[in-house]
Each structure stands twice: as structure tokens, then as C-alpha cells.
Amino acid sequence: RKYPRSQCLLGGDHLLAQINFRCDETSPSEPASPVEAPERVANRGSRCRWPADFAAAPLEECRRRCEEDPHCGCFEFAGNGSAFLRCVGSDARKVVGSQGTGLVETTAYVKRTDQEVLADTGLSVKQMEKKARDNMREAKAIREAQQKLRRADDEAAASTAEAEKAAVEKAAGGAGAGRSRRSGRRDQGAVGGFAGAGWLVADINGGGVPLPHGAPAD
């Protein structure tokens with residue numbers, strides 16, 4: 001249940017350490033008259049930011065944490081720009097009027113009991129238990145589908161990497177073969193040069209015996 005302009009009972013040992021995020025970068029302004037209470041205004045360059053888990057939906061994340069904590073009976077919330085943020089849980093299902101107004105105003109949310117939930121929804125205990133099991137199965141199916149997608153992405157990335165590696169190796173092999181052919185042609189040219197200078201290789205002139213300079217090859 002939502003209670004605007006209220007806060008949870010936090011005195012004594014009611015504060016829950018695991019649900020306790022707050023950031024206050026405000027300062028009192030100059031009152032318009034001596035009888036008026038000063039309003040709080042944002043500091044220049046205020047830098048309040050929600051943690052990463054809260055960033056997408058701060059109120060829903062705060063609500064989720066309270067719902068999952070069996071000790072949480074109430075949480076108070078504020079999300080006023082970059083100057084005043086609050087998600088604070090209490091183990092007491094009680095609220096008091098908020099002392100803060102304007103920029104530092106908070107809203108309290110009291111967790112409903114199981115009996116209140118049953119009364120509001122009109123479901124029996126067995127129906128509520130079945131709905132909870134169905135929700136768990138649905139959440140499990142979603143997680144498994146997400147895992148399959150991640151595995152498929154990993155396999156596709158690995159296949160692409162293998163294909164790129166094979167292409168690089170093929171290109172390197174083709175370049176090596178080209179160098180070998182060019183080298184063979186240079187070797188043949190060298191043999192012809194030696195023959196022209198009076199030298200023949202062994203399989204042409206048995207034994208590779210040197211011929212006089214300018215002697216015919218046959």
C-alpha cells in the first residue's frame with residue numbers, strides 16, 4: 001500500500017541494512033521571511049546516482065528487494081533527480097508522516113500480508129501456490145532460453161573465428177606457392193646462365209665436367 005508524504009518507521013533496530021540506499025545533496029535555502037521554514041534545494045552540481053541495479057527502474061527494484069526479504073515490512077522511496085534519492089527498508093509495517101517536503105519528500109510503501117493479498121485477489125491459498133509455481137516455471141524457461149541464445153552466439157562467434165583463420169592460412173599458403181614458382185624460374189634462369197658460360201649440369205653432360213669457355217654444349 002502506498003502512503004504519499006510518509007516514511008517508514010526506522011527508529012531502534014527497524015532499519016534493514018541490506019535495503020538502505022540514500023543520497024542527499026541538498027542544502028537549506030534562505031527563507032522568504034523569519035517565520036517560514038527554509039526549503040531544501042539541490043546543491044550546485046549535485047551528483048546523486050542510482051546504483052546499476054536500480055538504474056532502469058528504481059522504484060521497481062526497491063519494491064522487489066522488499067518483497068524478497070521476509071523481514072521487510074515497509075520501504076520508503078524518493079527519486080528526485082540528482083539531488084535526493086532514497087530506498088530504505090524497515091522491518092515494521094508502520095508509517096509516520098514525512099518531515100521532508102518538496103525536493104526531499106518521501107513516499108512509504110507497506111508490504112501486504114498474505115491474508116491481505118488473498119482478500120484483494122480473491123484467490124485461495126492453493127491457487128496462490130499454483131500461481132507462484134507457474135511464475136517460477138516461467139522464469140526458469142526464460143533463463144534457459146537466454147542461456148541457449150548466449151550459447152548460440154558463442155558458437156557463431158567461434159565458427160566465424162575458425163573461418164577467418166582458415167581464410168588467412170589459405171591466403172598465406174597461396175602466397176608461399178607463388179614465391180616457390182617464382183624461385184624455380186629464377187633457378188632455371190641461373191642454370192641457363194651457367195651453361196652459356198661453359199658449364200653444364202651433370203644430367204646433360206655426364207659428371208658435370210666443366211667445358212672450356214665458349215665450347216658447344218653438344
Side-chain angles (χ1 to χ4, degrees), residues 1-123 128 131-132 134-136 138-143 145-147 149-150:
R1 286 184 169 84
K2 179 180 178 180
Y3 295 86
R5 297 180 296 280
S6 301
Q7 61 188 53
C8 300
L9 182 64
L10 300 173
D13 297 326
H14 295 300
L15 178 66
L16 298 178
Q18 62 272 30
I19 309 177
N20 184 16
F21 174 79
R22 56 184 87 199
C23 179
D24 184 351
E25 290 201 6
T26 64
S27 301
S29 63
E30 290 293 333
S33 69
V35 296
E36 293 182 8
E39 291 287 333
R40 298 195 70 85
V41 296
N43 295 340
R44 179 177 298 178
S46 55
R47 302 178 303 278
C48 285
R49 297 289 184 275
W50 287 109
D53 292 344
F54 287 81
L59 177 57
E60 291 307 314
E61 176 63 19
C62 194
R63 189 196 310 276
R64 183 190 68 79
R65 294 190 178 203
C66 185
E67 288 178 349
E68 293 182 355
D69 189 334
H71 301 292
C72 183
C74 173
F75 73 90
E76 64 183 57
F77 179 85
N80 298 323
S82 61
F84 189 79
L85 306 177
R86 181 162 294 193
C87 171
V88 181
S90 169
D91 66 358
R93 299 180 64 252
K94 296 180 180 180
V95 300
V96 295
S98 175
Q99 298 178 353
T101 59
L103 185 62
V104 295
E105 183 177 298
T106 59
T107 299
Y109 296 81
V110 176
K111 183 190 290 185
R112 295 181 297 174
T113 64
D114 292 341
Q115 291 76 15
E116 289 172 336
V117 173
L118 293 174
D120 291 344
T121 60
L123 299 176
M128 290 292 294
K131 185 175 181 180
D134 291 343
N135 290 340
M136 291 179 64
E138 182 179 355
K140 181 180 179 181
I142 292 173
R143 288 195 300 270
Q146 291 173 339
Q147 290 172 354
L149 288 174
R150 284 194 293 268

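Numbers here simply count residues along the sequence, with the first being 1.
- Atoms CD1 and CD, on Ile142 and Gln147 in that order, are 12.5 Å from each other to the nearest 0.5 Å.
- A heavy-atom distance below 4.5 Å is not found between the side chains of Leu103 and Glu39.
- Within a 6.0 Å sphere centred on CD of Glu30, heavy atoms belonging to other residues, nucleotides or ligands number 12 at most.
- Heavy-atom minimum distance, Phe54 versus Cys87: CE2-SG, 3.8 Å.
- Around CZ of Arg150, the count of heavy atoms belonging to other residues, nucleotides or ligands within 6.0 Å exceeds 12.
- Using a 4.5 Å cut-off on side-chain heavy atoms (C-beta onward), Phe21 and Pro51 make contact.
- Between Arg64 and Glu67 there is no salt bridge, since none of the side-chain N atoms of the basic residue sits less than 4.0 Å from a carboxylate O of the acidic one.
- A heavy-atom distance below 4.5 Å is found between the side chains of Thr107 and Lys2.
- Residues Gln18 and Asp69 form a side-chain contact, since some pair of their non-hydrogen atoms from C-beta on lies under 4.5 Å apart.
- For Asp24 against Cys48, the heavy-atom pair with the smallest separation is N-SG, 3.9 Å.
- The shortest distance between side-chain heavy atoms of Val88 and Leu10 falls below 4.5 Å.
- Shown are Arg63, Lys94, Arg86; of these, the salt bridge (Lys or Arg N to Asp or Glu O under 4.0 Å) with Glu76 is made only by Arg86.
- In this structure, the side chains of Leu85 and Pro58 stay at 4.5 Å or more apart for every pair of heavy atoms.
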Going through the distances and angles, do Val41 and Thr26 end up as a side-chain contact (heavy atoms from CB on, under 4.5 Å)?
CA-CA 5 Å; Val41 296; Thr26 64; over 6 Å; no
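- In plain terms, the two heavy atoms of Ser29 and Pro38 that are nearest each other are O-CB, 3.1 Å.
- Glu25 places no side-chain N or O within donor-acceptor distance of the main-chain N or O of Asn43, the cut-off being under 3.5 Å.
- Annotation for Leu9 and His14: closest pair O-CB, 3.4 Å, computed over non-hydrogen atoms.
- Rounded to the nearest 0.5 angstrom, Leu59 CG and Tyr109 OH are separated by 4.5 Å.
- Across every non-hydrogen atom of Arg40 and Pro28, the tightest pair is NH1-CD, 3.7 Å.
- With respect to Asp53 and Arg65, a salt bridge is recorded, a charged nitrogen being found less than 4.0 Å from a carboxylate O.
- Two residues are said to be in side-chain contact when any heavy atoms from C-beta on lie closer than 4.5 Å; Thr106 and Ser6 fail this criterion.
- Closest non-hydrogen pair, Leu15 versus Asn20, comes out as CD2-ND2, 3.7 Å.
- Between the side chains of Ser46 and Ser82, at least one donor N or O sits under 3.5 Å from an acceptor N or O.
- Distance check, rounded to the nearest 0.5 Å: OG of Ser90 to NZ of Lys111 gives 11.0 Å.
- A centroid separation of less than 6.0 Å is found between the aromatic rings of Trp50 and Phe77.
- No more than 12 heavy atoms of other residues, nucleotides or ligands lie within 6.0 Å of CG in Asp13, so this atom counts as exposed by the packing criterion.
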